[in-house]
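The structure under discussion appears below in the form of structure tokens.
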Amino acid sequence: MKCEDVSNELIAYLDRRANSAERQEVEAHLAGCAACRTRAEEFRKLWTVLDEVPMIEPSAAFDARVRQRIASEPERGWFARLVPQPRLAFSVALLVALSVWLAGRPVDRPASFANAPSEEEQFQMIDHLGVLENFDVLTKSDVLSELPPRATQEQAPAHDEARPKGDGG
Amino acid sequence: MTRSDVQLMLDVKAGDDVSFGLLLAKYRLPLVNFLFRMVRDTATAEDLAQEVFLRVYRARKQYSPSAKFTTWLFRIATNLALNSVRDNRHRQMEVSLDAPVEEDESPVQVPARVMPIDEHMVERDRAQIIRRAIAALPEKQRVAVLLHKYEEMDYGEIAKILDCSESALKSLLFRAYETLRVQLAPLVAQPVAHRAGEGRPS
């Protein structure tokens, strides 16, 4: 056992609380270490010196004062009885206040949601779903893409001219 | 038949006020002295000891004998004492910061120390030096020494009060006594005849 190791067991050895194995280890070390032996002896003397501090006597009114303080204790309310710890009570109050504040706050939607169609628009879109699907099929149709570009340009005005007539008649 | 502290406390819980009086009578002296050694002021020590008993009484309905009564009692006392010491230190710091600075302040004149000739005065001076040395220890070390040396508590109980392991406590005690051994070396070298039967047998 080294001096550093004996230090933790020295107090227990001196106040006779070390077990027999610990006691033997400390005794074996002290037998061969003069420095630790001196320290142990000085600890014994120190404890005698510490006994020199006199005790003080509590005042004669001590008990009466305790009784008085007990008697003047206000009856604890239901909240104080439910929450005996002030820190806990504060935390609960803070949590409630935070919840109320969060509930009353306007909800910030992400930017991607800002342009999202409203519920009414979504219903209208469902109504026109068939037309939209047809439009989608037509725009991606291979037959149309195979047509020469000029023919499409020429046909387009004719179609435009024909339409007012049709609408009017 | 003497009732144990736990039994007395259970009786207090059941509404027996006489049992509370018995606990008060038993622990009034050790508590006041422990607190006095912690805060070094008689009035504060008494006030804190009364507060400890008040808290014990207040908590009687929730009392369950999970630990020794003294562990619970001194744990309350330790917490109150440490809070008081910290508050006091804080207050003193505020006072010193608020104190007006006098540029022309002359150094404090300390009267030449008169050598005590009376044996009683020697004892009183020695007690004062010892109290000061204990008070200068770090908080945990101070509590450990007071509970070990003056209350003669076992390691397990002190460790519970200080919320540390027994091994950590042994190391704490060694460091505390080592500091006191160095600080009080002149007194250790010149012991006076002390009253027999006080404190732990060495």
Side-chain angles (χ1 to χ4, degrees), chain A residues 3-19 22 25-26 35-36 38-77 80-87, chain B residues 17 20-21 24-25 28-33 36-37 42-43 45-47 49-51 53-54 57-59 61-62 123-124 126-128 130-131 133-134 145 148-150 152 154-155 167 170-171 173-178 180-181 184-185 187-189 191-192 194-195 197-202:
Chain A
C3 296
E4 300 90 67
D5 303 325
V6 89
S7 61
N8 267 9
E9 297 306 327
L10 193 58
I11 303 297
Y13 168 76
L14 292 171
D15 70 10
R16 296 167 193 155
R17 289 180 190 182
N19 61 37
E22 289 164 346
E25 274 186 320
V26 174
C36 284
T38 306
R39 177 177 282 150
E41 194 47 46
E42 285 184 358
F43 273 165
R44 279 205 182 98
K45 285 181 186 166
L46 171 71
W47 286 351
T48 313
V49 167
L50 291 178
D51 282 337
E52 289 176 30
V53 179
M55 300 274 275
I56 63 159
E57 278 296 322
S59 65
F62 185 87
D63 288 15
R65 188 80 192 96
V66 174
R67 299 276 185 197
Q68 198 183 336
R69 283 174 78 162
I70 287 172
S72 62
E73 272 274 280
E75 194 59 38
R76 303 183 82 197
R81 252 175 278 153
L82 272 178
V83 189
Q85 308 226 356
R87 278 181 197 169
Chain B
D17 234 28
F20 183 73
L24 191 60
R28 178 206 301 136
L29 186 70
L31 261 189
V32 168
N33 276 280
F36 174 64
R37 284 166 183 147
T42 321
E46 279 219 3
D47 190 51
Q50 286 163 9
E51 181 65 28
F53 285 114
L54 183 68
Y57 190 81
R58 213 185 271 163
K61 298 279 183 199
Q62 291 87 43
E123 268 186 38
R124 210 174 51 193
R126 284 174 69 97
Q128 196 71 356
I130 297 163
R131 280 199 189 109
I134 294 172
V145 165
H148 176 256
K149 179 70 191 79
Y150 298 107
E152 302 189 14
D154 59 50
Y155 294 127
S167 153
K170 282 179 181 175
S171 161
L173 277 171
F174 178 81
R175 279 184 277 134
Y177 285 127
E178 183 61 16
L180 290 175
R181 186 180 69 93
L184 301 174
L187 275 67
V188 172
V192 291
H194 69 286
R195 287 165 293 277
E198 273 188 5
R200 177 184 298 282
S202 53

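Throughout, protein chains are lettered first and strands after them, A, B, ... in sequence-line order, and every chain is numbered starting at 1.
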Exercise. Salt bridge (charged side-chain N to carboxylate O under 4.0 Å, His left out) with B:Arg175: which residues, sequence neighbours excluded?
Worked result: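 If we apply the salt bridge (charged side-chain N to carboxylate O under 4.0 Å, His left out) test to B:Arg175, skipping adjacent residues, there are no hits.
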For [X], is it the side chain, the backbone, both or neither that has a heavy atom under 4.5 Å from a heavy atom of chain A?
X: B:Phe174; value: both
X: B:Leu184; value: side chain
X: B:Leu31; value: neither
X: B:Ala185; value: neither

Problem set entry | Selection from B:Glu46, B:Lys170, B:Gln128 maximising heavy-atom pairs under 4.5 Å formed with chain A |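 Result: the option with the highest number of such pairs is B:Glu46.
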Problem set entry | Option that, when pairs with chain A are counted at under 4.5 Å, heavy atom only, ranks first among B:Asp154, B:Val145, B:Thr42 |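 Heavy-atom pairs under 4.5 Å are most numerous for B:Asp154.
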Problem set entry | Heavy-atom contact with chain B under 4.5 Å, split by part of A:Leu10 |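 Looking at A:Leu10, just its side chain touches chain B.
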For this session: Using the salt bridge (charged side-chain N to carboxylate O under 4.0 Å, His left out) rule, take B:Arg181 and B:Glu178 through it: C-alpha gap first, then chi angles, then the decisive distance, then the call.
Result: CA-CA 5 Å; B:Arg181 186 180 69 93; B:Glu178 183 61 16; 2.7 Å; yes
For this session: Just say parallel, tilted or perpendicular for the rings of B:His148 and B:Tyr155, cut-offs at 30° and 60°.
Result: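 Parallel, since the angle between the ring planes stays under 30°.
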For this session: Compare every heavy atom of B:Ile134 with every heavy atom of B:Leu180, then report the nearest pair and how far apart it is.
Result: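 What the structure gives for the nearest pair is CD2-N, 4.0 Å.
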For this session: Please name the pair of heavy atoms, one in B:Val32 and one in B:Ala49, separated by the smallest distance, quoted to 0.1 Å.
Result: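 Reported closest heavy-atom pair: CG2-CB, 3.8 Å.
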For this session: Tell me, with the steps shown, if A:Leu14 and B:Tyr177 meet side-chain contact (heavy atoms from CB on, under 4.5 Å).
Result: CA-CA 12 Å; A:Leu14 292 171; B:Tyr177 285 127; over 6 Å; no
